[in-house]
Structure formats: C-alpha cells, structure tokens
Protein chains: 2
Amino acid sequence: MAERSPRKDAARNRAAVLAAADTLFTTCEHPDDVTMADIAAAAGVGKGTLFRAFGDRTGLIRALYEARLEPVRRSLEEGPSPLGPAAQPLRRVLAVLDAVLCFKLDNRHLALALEQTGSDSPYRTEHYERWHALLRDLLDRIPGLPDGDFTAHALLAATRADLVTYLAGEKGLPRDEMRARLAEFATRTLSAAPAPSPEAAIEGITPDPSGTR
Amino acid sequence: MAERSPRKDAARNRAAVLAAADTLFTTCEHPDDVTMADIAAAAGVGKGTLFRAFGDRTGLIRALYEARLEPVRRSLEEGPSPLGPAAQPLRRVLAVLDAVLCFKLDNRHLALALEQTGSDSPYRTEHYERWHALLRDLLDRIPGLPDGDFTAHALLAATRADLVTYLAGEKGLPRDEMRARLAEFATRTLSAAPAPSPEAAIEGITPDPSGTR
DNA sequence: TACGATGCGGACCAGCGGTCCGCTTCACTG
DNA sequence: CAGTGAAGCGGACCGCTGGTCCGCATCGTA
C-alpha cells in the first residue's frame with residue numbers, strides 16, 4: 001500500500017527518456033519513424049529501461065502527452081475567466097475548444113502519435129474523457145441545447161489531430177484562421193436555434209440508405 | 001498504352017482475396033489481428049499473389065472499401081431525391097451525412113482499418129475528397145452559410161470510424177438514435193444563424209492559450 | 001562496509017509487412 | 001493441337017519492429 005519512492009537514477013533516466021522522446025517526436029516527419037530503439041539511444045539508456053519505466057510505446061507517448069497537457073489542465077481548473085470555471089457556459093465552451101485546438105496545433109506530432117495508436121481507440125484515454133465530460137456539462141447548462149453528450153463528441157472531433165495537421169500542413173491554413181473557423185462553426189452549432197425540424201429531417205427519409213445489405 | 005486485360009486466374013484470385021479479406025475483417029475484433037498471411041491463407045493463395053494484386057496492405061483495404069462504397073456513390077450521383085442531385089442543398093447535406101454515417105456503421109471494421117493506416121492521413125484518399133467536395137459545394141449553396149470548406153470537414157469528422165465505433169460499441173448507442181443525434185447536430189449547425197459574435201468570441205480572447213510555449 | 005532490493009541494458013525473440021525468383025499456368029500463334 | 005513467351009504464382013526469405021529476459025551494476029540502508 002505504501003507508495004515506494006523511486007530510486008534517484010530511475011527518476012533521472014525517466015526524465016532523460018521523456019526529453020529525448022519529446023525532441024525526437026517534435027523533430028521527425030511522421031511519428032512512425034521514431035522507434036523505441038531510437039528513443040533509447042537518444043536518451044543514452046537501454047531499451048529495457050524504457051519499457052520498464054513506461055510499459056509500452058503507448059504508455060510513453062501518453063506520459064509525454066499528459067505532461068504537455070498539464071498547464072492546459074491547470075488553466076481549465078483554476079485559470080482566469082474565459083477558460084476557468086468562472087466563465088459562463090457558452091463562452092467557456094468556445095474557450096475550451098480553442099484551447100484544445102491550439103494544443104493540438106502546438107503538439108501535433110504527439111497528438112498524431114497518440115490518436116493513431118492502433119490497438120486502443122483514442123476515446124478511452126483519461127484526457128479525452130476529461131475534455132468530453134467538461135464540455136458535456138457546460139453544454140447541458142446552455143438553455144435550449146439538447147444532447148450535450150453527442151454535441152461534445154462532435155465538436156471535439158473537429159479538433160482531431162490528423163484533420164488539424166492536414167489543414168495546417170497540406171492546405172496551408174494559417175493557425176489563427178483555423179481558430180476563427182472553428183469558433184465560428186461552434187458558435188453556429190450552439191446558437192440555440194428553434195431547430196426547424198430536427199428529427200423530421202431524418203425520420204422523414206428513414207428507409208436507411210444502406211443499399212449494401 | 002493499351003490496357004492489358006487481366007488473365008483469368010488472376011481475376012479469380014483477386015476476387016477470392018477480396019472475399020476472404022472481407023469476411024475476415026468483418027468477423028474479427030480489431031483490424032490489426034487480421035494479418036496479410038491470414039488473408040492469403042483464407043483465400044487459398046500465396047502471399048506474393050496478394051501483394052502483386054494490391055500493392056500493399058493499404059491498397060487491399062482501400063480496394064475493399066471502394067468496392068463496398070460503390071452503391072452509395074451511385075446513389076449520390078444518380079439516385080432519387082434526398083440523396084441524389086435533385087434535392088435541395090440543405091436537405092441533401094443531411095441525407096449525405098446520414099448515408100456516410102450508415103455506411104461507416106455497416107462497415108466499421110473496414111473504415112476503422114482504413115482510417116488508422118498509420119503511414120498516410122485519411123484525408124488524402126479519393127473517397128474523402130469526393131465526400132468533402134460534394135458537401136462543400138452544397139454548403140456553399142446554402143445562403144447565409146460562410147465557410148463551407150471547414151464546415152464540411154467538421155461535419156465529416158463527426159462520422160469518424162473510431163468515434164462511431166466507440167459510441168455504438170462501448171456506449172451502446174443504438175443506430176437510429178445516433179443517426180437522429182447527428183442529424184440534429186447538423187441541422188443546428190446549418191440553421192443560418194445571425195451569428196451573435198462569430199469572431200468577437202475568439203478574437204476577443206485571442207492571447208493564444210498556449211501557455212506551453 | 002556489507003548486503004538485499006531496485007533498476008539497468010542489450011542480446012534476444014516472435015511476428016509483421018513486404019520481396020524475390022524458380023516454377024506453373026495461361027492465352028495466343030502457326 | 002502443340003509450342004512458346006509472358007504473365008502470374010507461392011512460400012521461403014528478409015529487415016525491422018515492439019517487447020522480453022536475466023546476469024550484472026548501482027542504490028539506499030543498517
């Protein structure tokens with residue numbers, strides 16, 4: 001039960017690995033061409049050390065990600081108004097989305113690496129749950145907005161790392177313009193519209209377009 | 001220059017591989033535990049044949065995906081009104097989104113496999129370009145809607161295979177409910193709102209939340 | 001200083017996508 | 001229908017990856 005404090009060299013190595021991995025991921029073109037062996041070599045440790053400290057590749061990336069995320073999380077929990085808990089829901093939703101987008105832009109390599117970890121979906125990670133829950137709660141508090149849960153997922157989907165990377169890289173969309181677009185999109189989504197025919201639009205044509213089956 | 005027609009056995013093998021791969025992907029839990037060797041074995045051919053016919057893993061999956069997509073594409077191009085070109089833009093956008101969602105639900109394993117092909121982003125594929133272009137054009141035709149390009153991306157992002165799989169699987173969200181939620185979300189997004197303060201919301205707080213840098 | 005526990009490291013392993021090349025099978029020709 | 005060149009086949013083989021393992025070094029404590 002008692003938390004055993006880590007040995008000094010272990011801590012040092014852990015830090016070295018994190019630092020090395022960080023620069024490698026940031027430097028490289030594609031996350032896949034950073035191998036575990038590369039990281040170990042760059043950090044000046046053996047592969048075993050690396051796996052002992054982080055379990056597996058996903059564990060390492062996740063640790064890096066969470067570390068980078070720390071300041072953002074703090075801002076969310078106790079920061080000043082647009083981001084912090086004091087802000088009114090709608091405004092805060094926009095601020096949070098913007099923060100997420102900026103984070104993904106600043107850390108695209110990491111986010112990319114994390115989101116395309118084949119084995120497990122990016123939706124069962126701690127930070128996604130946190131973001132989603134926060135957004136959902138805020139959305140539920142906006143009057144006239146049904147269905148905060150799905151809306152939160154959908155809005156977050158617009159900040160997916162590969163989309164963001166694609167828009168920023170391939171299409172050369174400047175950072176601030178992208179932020180403006182996302183904000184505009186979210187604003188439109190959240191403006192409590194009378195919803196002309198929410199389900200009539202879909203239930204009306206419901207024969208299920210799957211011609212395939 | 002003249003297109004050389006394929007040999008009979010080659011065609012037969014190609015079909016066998018596609019069929020085998022299809023059932024394997026549909027059956028399995030996670031795309032990654034279907035290996036190329038598995039597919040070759042199930043199809044009763046050698047691995048070489050398989051790579052000769054499709055180039056690489058991504059090529060195979062893409063071929064499968066496109067094949068499944070054919071009926072949908074046809075419906076879009078020449079189908080009856082809600083989906084076909086005759087429908088009015090807003091209605092058609094909703095129909096297209098619904099069709100995409102249904103397709104992804106019906107073919108989640110394939111879509112999952114394709115979207116998480118590490119090496120290249122899912123955004124440079126032919127079918128994504130097609131969907132995006134179609135939606136963008138429709139959106140641009142809706143009065144009072146700025147920025148069809150980004151909106152199209154954002155709406156499509158809500159149908160990402162892993163999200164859809166997560167909602168349908170982990171959270172047990174029934175198919176029709178999911179369709180309704182998406183339709184409702186899109187409807188809200190597209191209701192030409194006066195946009196209370198589209199850029200004021202973001203430009204007003206613009207100090208860039210990246211405390212990390 | 002001695003000594004257990006903790007951590008280290010790199011040889012090692014299994015399994016993957018992908019290649020290669022000797023052999024088979026096709027389809028066309030005389 | 002036999003002959004023939006090319007197209008296609010298959011599975012042994014390769015390079016490389018994430019991950020394991022265990023003899024040995026290092027740490028913190030008595």
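First the proteins, then the strands, lettered A, B, ... as listed; each starts at 1. In this text the structure is predicted, and so the values were computed from the model without any measurement. FYI, side chains are in, hydrogens and waters are out, and symmetry mates aren't considered; it's all heavy atoms of this structure.
Judged by distance alone, the side chain of B:Thr27 and the main-chain N or O of B:Thr23 form a donor-acceptor pair under 3.5 Å. With B:Lys47 contributing its side chain and B:Ala37 its backbone, the two residues share no donor-acceptor pair below 3.5 Å. Not one N or O on the side chain of A:Arg141 forms a donor-acceptor pair closer than 3.5 Å with the backbone of A:Leu138.
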Base versus backbone protein contacts along nucleotides 16-26 of chain C [heavy-atom cut-off under 4.0 Å; B, S, -]: SBBBB----BS
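For A:Arg130, the CZ atom sits in a packed shell: over 12 heavy atoms of surrounding residues, nucleotides or ligands are nearer than 6.0 Å.
B:Pro146 is linked by a side chain to side chain contact (heavy atoms under 4.5 Å, CB included) to A:Glu184, A:Arg188, counting only residues two or more places apart in sequence or in another chain.
Here D:dG10 presents its P atom at 10 Å from CG of B:Leu50, a figure rounded to the nearest Å.
At D:dC9, one or more side-chain N or O atoms of B:Asn13 fall inside 4.0 Å of OP1 or OP2 (strictly under the cut-off).
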